Visitor: 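Let me give you the structure first, and then I'll get to my questions.
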There are 2 protein chains.
Amino acid sequence: MESQHVSRGPVPHGHVTLSQVAQRAGVSAQSVSNALNNPDRLAPATLERILATVAELGYEPNLSARALRNRSSHLIAFKVRPSRPDKASLLMDEFLYALNRSAVAAGYHLILCHAEGEGSTEEIKAYRDLLKKTPVDAFVLAETHRNDDRVAALRSWGVPFATFGRSWDGDDSLAWVDVDGRAGTRAATEHVVAQGHRRIGHVGWLAESEIGQERREGWLEACRERGLPTDLQAAVADTLEDGRQAAHRMLDAPEPATALVCASDTLALGVLRALHERGLRPGVEVAVTGFDDSPTAALVSPGLTTLRQPIDVVGRQLIQAVENLIAGDPREPQHVLLQPDLIVRGSSLPGPRPSTATP
Amino acid sequence: MESQHVSRGPVPHGHVTLSQVAQRAGVSAQSVSNALNNPDRLAPATLERILATVAELGYEPNLSARALRNRSSHLIAFKVRPSRPDKASLLMDEFLYALNRSAVAAGYHLILCHAEGEGSTEEIKAYRDLLKKTPVDAFVLAETHRNDDRVAALRSWGVPFATFGRSWDGDDSLAWVDVDGRAGTRAATEHVVAQGHRRIGHVGWLAESEIGQERREGWLEACRERGLPTDLQAAVADTLEDGRQAAHRMLDAPEPATALVCASDTLALGVLRALHERGLRPGVEVAVTGFDDSPTAALVSPGLTTLRQPIDVVGRQLIQAVENLIAGDPREPQHVLLQPDLIVRGSSLPGPRPSTATP
DNA sequence: CTGTTAGCGCTTTCAA
DNA sequence: TTGAAAGCGCTAACAG
């Protein structure tokens, strides 16, 4: 195979063009183009011959030329953000891999954006600059929030995009994929109830976080339904230290918590640190659960019970969503709410610590 | 600013082209192009006027057109790999951010590659397919090893590339950036020696790993120089479970280890689990050090002493290296060996546990 | 120092 | 059903 390089001098990267294929197949360039983009316009025999030649020469359409002509680069843009050192990796790693895998499977490539700092102004500027330079087919946004400027900007430019994070403004025209934090926290709460806990605290995020509120409500509902007290709760920033301090408060309460359901692995790890400082054994004296199944959760001892987001499905659905948008699918944009999986590890189990690690 | 949209109907993404700038500035398209690419060919006055117009209209050159013309896309390709769940995030997250930031600063964009599985055959195919579709300016490879097929392939295609990971074949024509694992492990060993330890084991990677060998040698040298025994060593795969088992072995030895220097955070976390199982306190009874400063290291209790790779510098240097290559810099390709920083946390300190978290 | 010409590889007209 | 012409936006090579 790959027999085209026959004494023609240094062919860079084996550049094969449409017209070379055409020449070889004895047809016009246009027919080759049609074979690839509008196969039904060709006679079956011609089509077959052209396709064979395409395969023989290993031809791949030049993206730049296509982009120039079609104003479509087959590129999907995504902004990577700095991983904060004090946080359990919010699975960006995994997410990016999943997103890219699906993008490539759909014939796209991921192009990365950069914006300094946290503000959306910088990010929007980065998007705009990129759009000026190249006709990006779609954007994928992560971590949406209420009144998200980025959503407004992209919409005003008419660029297709989908978000990892639901529309918090009740905006049905947004294509989004999200994970059900409420159901997840509820599952975690029910799990510790099943372990016999009745005094269950919640270490959650600040009230301005929509995600945090969702997760808090899952805990609230589960407790209320069972007539359990809900007075032990904290609304703090997502740092280890905040989790640690919240835990100390709830363990210093007149009627201390025996289980702490947290809004994130980071907070849960702070709780574990507090337990460590007090000489309390996770799972045995105090059950702890996190959220995200960050790599850390499986690596601490004992392992941290947490909620795993089906991140590969998220990636697939996001690509699916932008594909539909790009194709101009007239149907309502997709809204996909996925269920997280409760991963039970030692931090919430009173039983004897398993002597082998999680397989 | 941005006053160009004056009743001209729906201008998509504010498309401004070279000729529009030329028209507005009253010069030819070529002069605008020169203003941007060969400013010295223009009269200062003309240059200034053109640049002013460029700024006024917010013009950005179309990458596809440039790529088509120049065979240079201003794209740098990088393959993301799946993060393995049993590993402390190998800082890919951070690395990608750093690499992208530097790429963007240098006027490039990162485009992601995908290859299923671990084999380099798939990866090479992905590179090749990408090259057929678009004239990627350079590649960045991570995790090089001896006889790396990818290096051979890229070289045979004549594409510029740089690697995160040195040339293990003693190949001086390779541009690489790496972190000194030997010096790092040595620093960790010397640190535990300074804490009074004399019986120091090493939990390292299998012998086929060049990186692992480097790290092992740092420990070996430090011990030998001080006349300390080096009989406690393990060469295992990089998993939590392997680290755990190795730790148990070294603690079951007739003269058990009092300190364990590990080749990775993952292994160190396995060691911590073993200590946990035996009721030994990290730092107090047995000192433990890792390597990588993965997010997990700061989050476990006590914190894990480890070696931080200067990942932002790595990213910057890699981009620098490919920039030089792209520019056809005749000098020897860059070889950059960076020093990791020892981050001391509770896992190697016998002293009283600090009551507040690391700031 | 500045402008004209041509063409990178592709696909949307439109004609044959 | 197939082909010819034109042009997407840019820049290298040449004239002027």
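Throughout, protein chains are lettered first and strands after them, A, B, ... in sequence-line order, and every chain is numbered starting at 1. Note that the structure is a prediction, hence the values are computed from the model and not measured.
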Visitor: State, without any angle test, whether D169(A) and S167(A) hold a side-chain donor-acceptor pair at a distance under 3.5 Å.
Guide: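 Note: D169(A) and S167(A) side chains miss the donor-acceptor criterion.
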Visitor: Quick one: list whatever passes ring pair (Phe, Tyr, Trp, His ring centres under 6.0 Å) with F78(B), sequence neighbours left out.
Guide: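 Ring pair (Phe, Tyr, Trp, His ring centres under 6.0 Å) list for F78(B), sorted by chain: F95(B).
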Visitor: Which nucleotide span of DNA chain D, 5' end to 3' end, has atoms closer than 4.0 Å to non-hydrogen atoms of chain A?
Guide: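 On DNA chain D, the outermost contacted nucleotides are dT1(D) to dG9(D).
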Visitor: Apply ring pair (Phe, Tyr, Trp, His ring centres under 6.0 Å) to F139(A) and list each qualifying residue two or more places apart in sequence or on a separate chain.
Guide: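 Checked F139(A) against ring pair (Phe, Tyr, Trp, His ring centres under 6.0 Å); matches are Y127(A).
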Visitor: List the residues meeting side-chain hydrogen bond (donor to acceptor under 3.5 Å, both in side chains) with R69(B), not counting sequence neighbours, and say none if there are none.
Guide: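 Counting only residues at least two positions away or on another chain, R69(B) forms no side-chain hydrogen bond (donor to acceptor under 3.5 Å, both in side chains).
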Visitor: The criterion is salt bridge (Lys or Arg N to Asp or Glu O under 4.0 Å); which residues satisfy it with E323(A), sequence neighbours excluded?
Guide: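 E323(A): no salt bridge (Lys or Arg N to Asp or Glu O under 4.0 Å) contacts found.
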Visitor: Does H114(A) have any ring pair (Phe, Tyr, Trp, His ring centres under 6.0 Å) partners at least two apart in sequence or in another chain, and if so, which?
Guide: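 Partners of H114(A) by the ring pair (Phe, Tyr, Trp, His ring centres under 6.0 Å) criterion, ordered by chain and then number, come out as Y97(B).
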Visitor: Give the residues of residues 33-55 of chain A touching DNA chain C, defined as any heavy atom closer than 4.0 Å, sorted by residue number.
Guide: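 Under 4.0 Å from DNA chain C: S33(A), N37(A).
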Visitor: With nearest nucleotides of DNA chain C determined for G26(B) and A65(B) from heavy-atom distances, which residue corresponds to the more 5′ nucleotide?
Guide: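 Taking each residue's closest nucleotide, the earlier one in sequence belongs to G26(B).
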Visitor: Side chains of R71(A) and N62(B): do they bring a donor and an acceptor to under 3.5 Å?
Guide: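 No.
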Visitor: Of all the heavy-atom pairs spanning S73(A) and A67(A), show the shortest one and how long it is.
Guide: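 Closest heavy-atom pair between S73(A) and A67(A): CA-CB, 3.8 Å.
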Visitor: Kindly calculate the angle separating the two end axes of the helix from dC1(C)-dG16(D) to dA16(C)-dT1(D), each obtained from five base pairs, and round it to 10 degrees.
Guide: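 Nearest ten degrees gives 40° for this helix.
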Visitor: Would you say Q317(B) and Q334(B) are linked by a side-chain donor-acceptor pair, where the criterion is simply a distance under 3.5 Å?
Guide: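 A donor-acceptor contact under 3.5 Å links the two side chains.
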Visitor: Taking side-chain hydrogen bond (donor to acceptor under 3.5 Å, both in side chains) as the definition, give me every residue that meets it alongside R316(A), ordered by chain and number, with sequence neighbours left out.
Guide: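 R316(A) satisfies side-chain hydrogen bond (donor to acceptor under 3.5 Å, both in side chains) with no other residue.
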Visitor: Taking CD in E116(B) as the centre, count heavy atoms belonging to other residues, nucleotides or ligands within less than 6.0 Å. Is the count above 12?
Guide: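 Yes.
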Visitor: Going 5' to 3' along DNA chain C, which are the first and last nucleotides with any atom under 4.0 Å from a heavy atom of chain B?
Guide: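 Terminal contacting nucleotides, 5' to 3': dC1(C) to dG9(C).
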Visitor: Please name all residues satisfying ring pair (Phe, Tyr, Trp, His ring centres under 6.0 Å) with H145(B), sequence neighbours left out, ordered by chain then number.
Guide: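 For H145(B), no residue satisfies ring pair (Phe, Tyr, Trp, His ring centres under 6.0 Å) once neighbours in sequence are set aside.
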Visitor: Could you work out, with side chain to side chain contact (heavy atoms under 4.5 Å, CB included) as the rule, every residue matching S28(A), not counting sequence neighbours?
Guide: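 Partners of S28(A) by the side chain to side chain contact (heavy atoms under 4.5 Å, CB included) criterion, ordered by chain and then number, come out as Q30(A), S31(A).
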Visitor: For DNA chain C, whose closest nucleotide is more 5', that of Q30(A) or that of S64(A)?
Guide: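 Going by which nucleotide is closer to the 5' end, it is S64(A).
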